[in-house]
Amino acid sequence: MSSENAPTISVDDDMPAPAAQATPSELVTERTTIGEWVWLLLCTAIGGFFRIVNLAGRPLWADELTTVITARRPLAESFTTSQDPQPPMYQLLVRLFSGGKLPAEDAALSETVMRMPAALFGIAIIPAVWWCARTFVGRVGAGVATLLIALNPLLIHHSRDARPYVLFVFFAVLSITFFYRLCKQGGKLNLAGYVIATVGLFLSHYYAMFIVAAQVVYAAADFLFGGPVRRRRWQVLSAFVLAGLGAAPILYLFVRLLTGGMKGSWWIGEPTGLIDSVDALGDLLGLRAFGVLCVIPLIAAFWLPGAPPILKRLGARLVKEGGTSKESKPSPQPSPRGRGGSSTSSVSYWSSWWFGKERAIFLALVIGFALFFPVFVSLVYKPGWVLRYSLPVVVPMVILGLMYVRACGPMVSAMVLVVLLGMTAPKAMKYRHGEPGLREAVMEMMNRKGVQESVVLVDWAFTDDFKLPEAVGVRMYGYTDPVQTVKVKELDAYVYRTPKDVGKARFDEIMANPDALLPREGSWIVCFRTTATAVREFLIRRQRMFNASTYGMYDDGRMPMYTLFHVAPR
């Protein structure tokens, strides 16, 4: 037989070439082409522009002002404050960027300085995602994932926010990638990278534990089915132990929060109720109500026995595109617990199901543990959940979605990519123009305030050591006269979303000294988020004339960030 007619095995040039071994193939390091470097630099430049441009265009809001308050506390005290129940990495970076000490309480503060750590880490996410996606879906998939992440509106938004959530994403991407490479390749570099990235993950957010839990489950399953983890079990175990030791001080602070040793927090309050997780999936991609399409690859990736035939076919194509090729599919190893019998046959069956799908399963485990598990934990125990606490799942969702879409063929892939870019790019561009907020509310108040009119801030404190962010903000933006505060009791500030929520409540039970809102000379009332609903209902019941202006939108896009009431004199 001539060499021209010899049979060949075709391997997609953007997928790692599988090795015909008795265990799953090692990751093959492909040479990075000049075109890839140019594309990565272009995507990083585009994403960096949207994350940096007009960084001070939006004034600091309550959570960012909380970062200011925390960074102004003495260092030891800042580690244990319950007003900002987050690990200390971001406020330490703020101290570093501000030269070691923030200005005094009444001094102006640069929004750019406060947000620069988030912006830089938000830019660093782009090459990190390229490297991660290249590990899982090859060079073409990595190029697409890099562009989608560079233009992801949710990541751009949090990259322009003086909070730790993009740090959480950055270290999560590194931890996931180093862990998977450690399982497949081993090596001291992957082990050290995983330990450093995972410690950084815990320094960014306490919910790092859910991502590590997904890694533990994957390692246990791969060990059980005779995968590479069985040969590298001591390296993988050492990585978990070293990362746990490095994160031990942070875990200690989290335990203190949970047990009330840090005076309590709304985040560690009572269960918060069920979140619409399907809608949240869409929010994470920056596309509201897009979550239904995101659920499909999670189902198709598993290709479970008993699934509908269409999902089985999609799952088969997914494995062909994203896993080990049919010609080199490994044969499962028998369980060491026994030879023959039902136990061995059961393990062999599930091992054959596991190999070739473990890549998609690992990503699905990360998504499940980091997104759905915190939601259900919040129903039965203390830690609360909002969308940004699961922000790292944006990346595995995009990569797993690309694996699924590519399995549907090039035409469908191109159509989906065009739709995604068409919906995300306009949202990404809107951040160039800034947004009104507390600064504009203070300017209007200063320009129109009468001599005898008072200024009232609604105090939504939820801890003993709470300092009202709006009190810091109005001083920072130039208002120097005395202000009054009216306390909204405990957690009530977070439940007044509609007048129906207020109901027929007695306002002396909701607010301490509510009559301070209604001086004879008139007043200006600054409200954060849902407190405005209670104040509006109170003014209506007291039959007082007022005007209300709103400034900015909360990050869910469904309620104003700040509301400024001008109550007319009697």
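Note that the coordinates shown come from a computational prediction; the quantities given were computed from them, not determined experimentally.
The distance from the CG atom of Leu92 to the CG atom of Leu203 is 8.5 Å, given to the nearest 0.5 Å. To the nearest 0.5 Å, atoms CD1 (Ile367) and CG (Leu363) are separated by 6.5 Å. Considering CD1 of Ile149 and CG of Leu151, their distance stands at 10.0 Å, rounded to 0.5 Å. A distance of 10.5 Å separates CG of Leu42 from CD1 of Ile126, quoted to the nearest 0.5 Å. One distance of note links CG of Leu167 with CG of Leu93; it measures 6.0 Å at 0.5 Å rounding. Atoms CG and CG, from Leu201 and Leu174 in turn, are 9.5 Å apart once rounded to the nearest 0.5 Å.
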- Task: Could you go through the side-chain contact (heavy atoms from CB on, under 4.5 Å) check for Tyr180 and Arg359 one step at a time?
- Result: CA-CA 9 Å; Tyr180 190 77; Arg359 193 176 310 188; 3.7 Å; yes
- Might you work through the side-chain contact (heavy atoms from CB on, under 4.5 Å) test for Phe121 and Phe171, ending with a clear yes or no? CA-CA 9 Å; Phe121 273 89; Phe171 286 110; 3.9 Å; yes
- Task: Show your working on side-chain contact (heavy atoms from CB on, under 4.5 Å) between Met116 and Ser110 and close with a plain yes or no.
- Result: CA-CA 10 Å; Met116 188 56 68; Ser110 169; over 6 Å; no
- Message: Pair Arg51, Val166 - check side-chain contact (heavy atoms from CB on, under 4.5 Å), show working.
- Response: CA-CA 11 Å; Arg51 287 158 174 79; Val166 288; over 6 Å; no
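The shortest distance between side-chain heavy atoms of Arg163 and Thr67 falls below 4.5 Å. Looking at heavy atoms from C-beta onward, Leu155 lies in side-chain contact with Leu391 at the 4.5 angstrom threshold. Looking at heavy atoms from C-beta onward, Leu120 lies in side-chain contact with Phe97 at the 4.5 angstrom threshold. Contact check for Leu60 versus Val68: side-chain heavy atoms found under the 4.5 Å cut-off. Between Ser175 and Gln215, some side-chain heavy-atom pair lies under the 4.5 Å cut-off.
Counting only distance, with no hydrogens or angles, the side chain of Asp222 and the backbone of Tyr218 share no donor-acceptor pair below 3.5 Å. With hydrogens and angles ignored, the 3.5 Å screen pairs a side-chain donor or acceptor of Arg115 with a backbone N or O of Leu55. Side-chain atoms of Arg139 never come within 3.5 Å of backbone atoms of Arg134 as a donor-acceptor pair (strictly under, hydrogens ignored). Between the side chain of Arg160 and the main chain of Val53, a donor-acceptor pair closer than 3.5 Å is present. Between the side chain of Thr44 and the backbone N or O of Leu40, at least one donor-acceptor pair lies under 3.5 Å. When atom types are taken as modelled, the side chain of Thr198 and the backbone of Ala243 share no donor-acceptor pair closer than 3.5 angstrom. Judged purely by atom type and a 3.5 angstrom limit, Trp130 has no side-chain atom pairing as donor or acceptor with the backbone of Ala142. Put simply, the side chain of Glu435 gets close to the backbone of Met553: a donor and an acceptor are under 3.5 Å apart. The backbone N or O of Leu182 lies less than 3.5 Å from no partner atom in the side chain of Gln185, so there is not a single donor-acceptor pair. The main-chain N or O of Arg232 is never found under 3.5 Å from a side-chain atom of Gln235 such that the two would form a donor-acceptor pair.
The two residues Phe202 and Ile250 have their closest heavy-atom pair at O-CG2, 3.2 Å. Ala150 and Ile156 get closest at one heavy-atom pair: O-CD1, 3.7 Å. Scanning all heavy atoms of the two residues, the minimum distance from Val366 to Val393 falls at O-CG1, 4.2 Å. Here the shortest heavy-atom pairing between Phe362 and Ile176 reads CE2-CG2, 3.5 Å. Contact detail for Ser204 and Pro164: the closest heavy-atom pair is O-CB, 3.6 Å. Minimum interatomic distance between Leu253 and Phe79 (heavy atoms only, all atoms of both residues): CD1-O, 3.7 Å.
Side-chain contact of Thr177 with Thr135: a donor-acceptor pair under 3.5 Å is absent, judged by distance alone. For the residue pair Ser78 / Gln91, a side-chain donor-acceptor distance below 3.5 Å is found, with atom types taken as modelled.
In this structure, Phe369 has its ring center no closer than 6.0 Å to that of Phe210. Taking the six-membered ring wherever Trp is involved, the centroid distance between the rings of Trp131 and Phe136 does not fall below 6.0 Å. Ring centroids of Phe168 and Tyr165 are separated by 6.0 Å or more, keeping the two rings apart.
Partner of Thr146 under the side-chain contact (heavy atoms from CB on, under 4.5 Å) criterion, out of Cys43, Pro127, Cys132: Cys43 alone.
Taking the six-membered ring where tryptophan is involved, the planes of Tyr194 and Phe179 are tilted, since the angle between them lies from 30° to 60°. Classified by interplanar angle (parallel below 30°, tilted 30° to 60°, perpendicular above 60°), the ring pair Phe254/Tyr207 is perpendicular.
Salt-bridge check for Asp161 with Arg58: passed, with a basic side-chain N closer than 4.0 Å to an acidic carboxylate O.
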